[in-house]
There are 4 protein chains.
Amino acid sequence: MAQDVQRSPERAKRLPRPVREKQILDAAVEVFSRHGYHLASMDEISDVAGVSKPMIYSYLGAKEELFGHCVRRESQRLLEAVRDGVRADVPPDMQLWHGLRSFYGFVAAYRESWIVLHRHALTAGGPFAEEITALRARAVALVRDLVVSAGTERGLASQAEFSGEGMAAALVGAAESLADWWLDHPDVADGVLASWLMNLTWLGFNDLVEGRVWRPTEPAE
Amino acid sequence: MAQDVQRSPERAKRLPRPVREKQILDAAVEVFSRHGYHLASMDEISDVAGVSKPMIYSYLGAKEELFGHCVRRESQRLLEAVRDGVRADVPPDMQLWHGLRSFYGFVAAYRESWIVLHRHALTAGGPFAEEITALRARAVALVRDLVVSAGTERGLASQAEFSGEGMAAALVGAAESLADWWLDHPDVADGVLASWLMNLTWLGFNDLVEGRVWRPTEPAE
Amino acid sequence: MAQDVQRSPERAKRLPRPVREKQILDAAVEVFSRHGYHLASMDEISDVAGVSKPMIYSYLGAKEELFGHCVRRESQRLLEAVRDGVRADVPPDMQLWHGLRSFYGFVAAYRESWIVLHRHALTAGGPFAEEITALRARAVALVRDLVVSAGTERGLASQAEFSGEGMAAALVGAAESLADWWLDHPDVADGVLASWLMNLTWLGFNDLVEGRVWRPTEPAE
Amino acid sequence: MAQDVQRSPERAKRLPRPVREKQILDAAVEVFSRHGYHLASMDEISDVAGVSKPMIYSYLGAKEELFGHCVRRESQRLLEAVRDGVRADVPPDMQLWHGLRSFYGFVAAYRESWIVLHRHALTAGGPFAEEITALRARAVALVRDLVVSAGTERGLASQAEFSGEGMAAALVGAAESLADWWLDHPDVADGVLASWLMNLTWLGFNDLVEGRVWRPTEPAE
DNA sequence: AATGAATGAGTTTTCATTCAT
DNA sequence: TATGAATGAAAACTCATTCAT
């Protein structure tokens, strides 16, 4: 049978720097996702990483900088996941569809990353609010482009009932909210979530394009 | 002759307890909304309230409890604002419409309260996540009832493309996201936001009800 | 019999702020003089002061600022001691004489202050080197004025063998060095030290004034 | 053809031990003189030396010991410089004159060494204060012997106005102070400094020898 | 009722120092 | 020999919280 691993609990084995950096980042994401930025302690991170605090400081900087590394790595991951999932040679609705599926794929695969990005990065203070806002802005812009291109190509005049950016913001929020909801209902398949969103929003959008508009049936006070 | 009032210069005037509590809560909401739970300091709150720290502790408890009071008061306000805006004797879409307008009315009137509830309550740690989640769950349930009643009364069988709760969660998220977006685009009228949402989602929902369904145009791998 | 003092060793009695500030400064000077800036710990200072660390930070700032307060207070003391000891209506030599006596009086009365100023302030890093250099420059300038006035009034042309500033610097250094020496020979009276200095330097200076010059008896190299 | 040397790029060449030790000591003196003992970091020393930290520890010991090596080497240098400059077969004043010139020669040639010895060794804590005090005591004793021999040979009875040791201490302090002053006025020739000192102090000393004494013109309170 | 004065307890951060290769 | 990798230990500092007046 396989020989028991040599456990020298006192001193960590010597490992090349990139490996240690990954270990530390993984631990940091885990702890930050569990407690949030402020309640996470460097002590716990170093425990989870199996590495002493000075290593963390030496490799990835102080707490704020460490958090920054986490946010950047996970943002990158999310962007790449979505970008890789979307094909440019299909109609806008299918692009959106693929994008949503990729997004939920990411959320499923990197639950903790998503929690850090979505729940904790905004309240950490420092420059992170801006980074996250920028990330979100990219997502909104992407969706807006899809929506607008789909609209204009079919002659959607600019109406009061329509706003590419506003609707994109709404859609992104809906997708995020559903992701949150999903965390508590994990038995739903990711494709189903995406399907709900498409049916809820894209159909409505199509109606708009075709001139059907919802208006309040009585004067709004 | 001039009456020689005993002037103890810095000493706050004796005020009835409810007035003091309001002062403190207002200050707390302001400070919490500005810095978030963890970065807000009791010192700053007492400064802004114009009241010494021991008063805060004696009237409203420790930091966590104080934050709880804030969250509860503002939740209450939000719920009442929406409840008061909605009339039960109109069709579901109009109920939703009124609810949305009331919601945005609240966000406009109580910007700071909204920020505390939406952005900071989840990351405070402690029991607040649950309180906020409960509040949100109430909102989702409300919307879900609207959606479901509108659906069933028109014979919407349960399809894979439909989920009352899921869609309600999505809609609530969309509304919140638009509220956030609004904070950076304050020149848009609140009715317009509500209108966008109605058109984006309700029309799509109507399509569903009437049997129009969006499906991917190619097998989703 | 006298009632035993109420000793509540845990919590310090409530005292007005200025009193506490003095306590803290005294303790800080003691500890800084004993260990120097870097080896002094805030913990020890708070112990010696009989006050918790947060009070120190709240009243007198962080370590560097605290040290600054010490340096400034003791500089002030030294300057005042010398200024008060010197009378303007006497000849330059007597002014110097009185200044020296006052200086040694200060060193005797405030041994620790002198050690902080002379030995530790220069190596603390930060802005203290400059403060101390400035203090010393003031002393040198004072002495230089005495020397120069004494010299010019008796027609001392500028010779290579003479430099008001240089000699003042030398004299100040001699005085300081003797102060150090005194720390290890405390049985010498302060007036004696001043007398030595006057005889060593002022007589020589008088010689210069009267045209007697020392020159090497063989070509320098 | 180009010889493909095995290049292990960062690895320092194997060097004989004394060379390495010199490298390290030079770097240490540089860094200590720049930052003082406490603010100097072993990291910076190893950087400047171009040698890894474990080498330093293995060759010259821990920080305190390393500093000790620096202090001893530079003390030695200073002593030798002065000793080599002084000739025993000349009158005392000329011996002093040569000693001073040698001293200033050393300060000019080994600025950093002087700074370490004069400014930083006293505040390092540990045994260095004593070493430096001992060094200084040797200098004082040397000067005292000169002074005393010059005095006794010309029949200077022990008067209150005279003290071989005290005056030597003063003279040494004056010389040091002038060395400091020189650091900020580098355009003065070293011979000039020595000349100032001789004229300031030696003439005065001669006066003493010849019975001229300075006394306060009014009773010293 | 109201507060200035005071602190316990915890955190981040930075060294000098040493393994293990 | 020579070093990158690793850490123990201790420092400064900052809160929320409470006592005594």
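Letters go in sequence order (proteins before strands), and every chain restarts at 1.
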Between A:Ile56 and A:Ile45 the two heavy atoms that sit nearest each other are CD1-CG2, 3.9 Å

If you compare every side-chain N and O of A:Tyr57 against the phosphate oxygens of E:dC15 (OP1, OP2), does one of them come in below 4.0 Å?
no

Could you tell me if D:Lys63 sits above the aromatic ring of D:Tyr37, with its cationic atom closer than 6.0 Å to the ring centre and no more than 45 degrees from the axis?
yes

Does C:Arg17 place a side-chain N or O at less than 4.0 Å from the phosphate oxygens OP1/OP2 of E:dA6?
no

How would you list, by chain and number, every residue that makes a side chain to side chain contact (heavy atoms under 4.5 Å, CB included) with B:Arg77, sequence neighbours excluded?
B:Arg73, B:Glu74, B:Phe106, B:Tyr110, B:Ser113

Result for 5'-nearest mapping on DNA chain E, choosing between B:Lys53 and B:Tyr59, is B:Tyr59

Rounded off to whole Å, could you give me the CZ-to-P distance for the D:Phe67 and E:dA16 pair?
13 Å

Assert: residue with more 5' nearest nucleotide on DNA chain F, out of C:Ala62 and A:Ser52, is A:Ser52

Provide, to the nearest angstrom, the distance between the CD1 atom belonging to D:Ile45 and the P atom belonging to E:dT17.
11 Å

Stems of at least 3 consecutive Watson-Crick or G-U wobble pairs (donor-acceptor distances under 3.5 Å) involving DNA chain E, listed by first number, are E:2-21 with F:2-21

Whole Å only: how far is the CD atom of B:Glu65 from the P atom of F:dA16?
15 Å

Which heavy atom in D:Ala49 sits nearest to a heavy atom in D:Ile24, and how many Å separate them?
CB-CA, 4.1 Å

Rounding to an integer number of Å, can you tell me how far A:Leu15 CG sits from F:dT7 P?
10 Å

Integer-rounded Å distance: E:dT7 P and C:Ile56 CD1:
10 Å

Indicate the atoms forming the closest heavy-atom contact of C:Gly61 with C:Met42, along with that distance.
O-CE, 4.4 Å

Whole-Å distance between F:dT14 P and C:Lys63 NZ?
15 Å

Just call it for D:Ser58: base, sugar-phosphate, or nothing, with non-hydrogen atoms closer than 4.0 Å on any strand.
nothing

In whole Å, what is the span from the CE atom of A:Met55 to the C1' atom of F:dG8?
14 Å

Could you pull out the closest heavy-atom pair between A:Pro127 and A:Glu64, with the gap in Å?
CD-OE2, 3.5 Å

By nearest nucleotide on DNA chain F, pick out whichever of A:Pro54 and D:Pro54 is the more 5' one.
D:Pro54

Using a 4.5 Å cut-off on heavy atoms from C-beta on, say whether the side chain of A:Arg34 contacts that of A:Glu44.
yes

Expressed as a whole number of angstroms, how long is the span from D:Asp43:CG to E:dT18:C1'?
14 Å

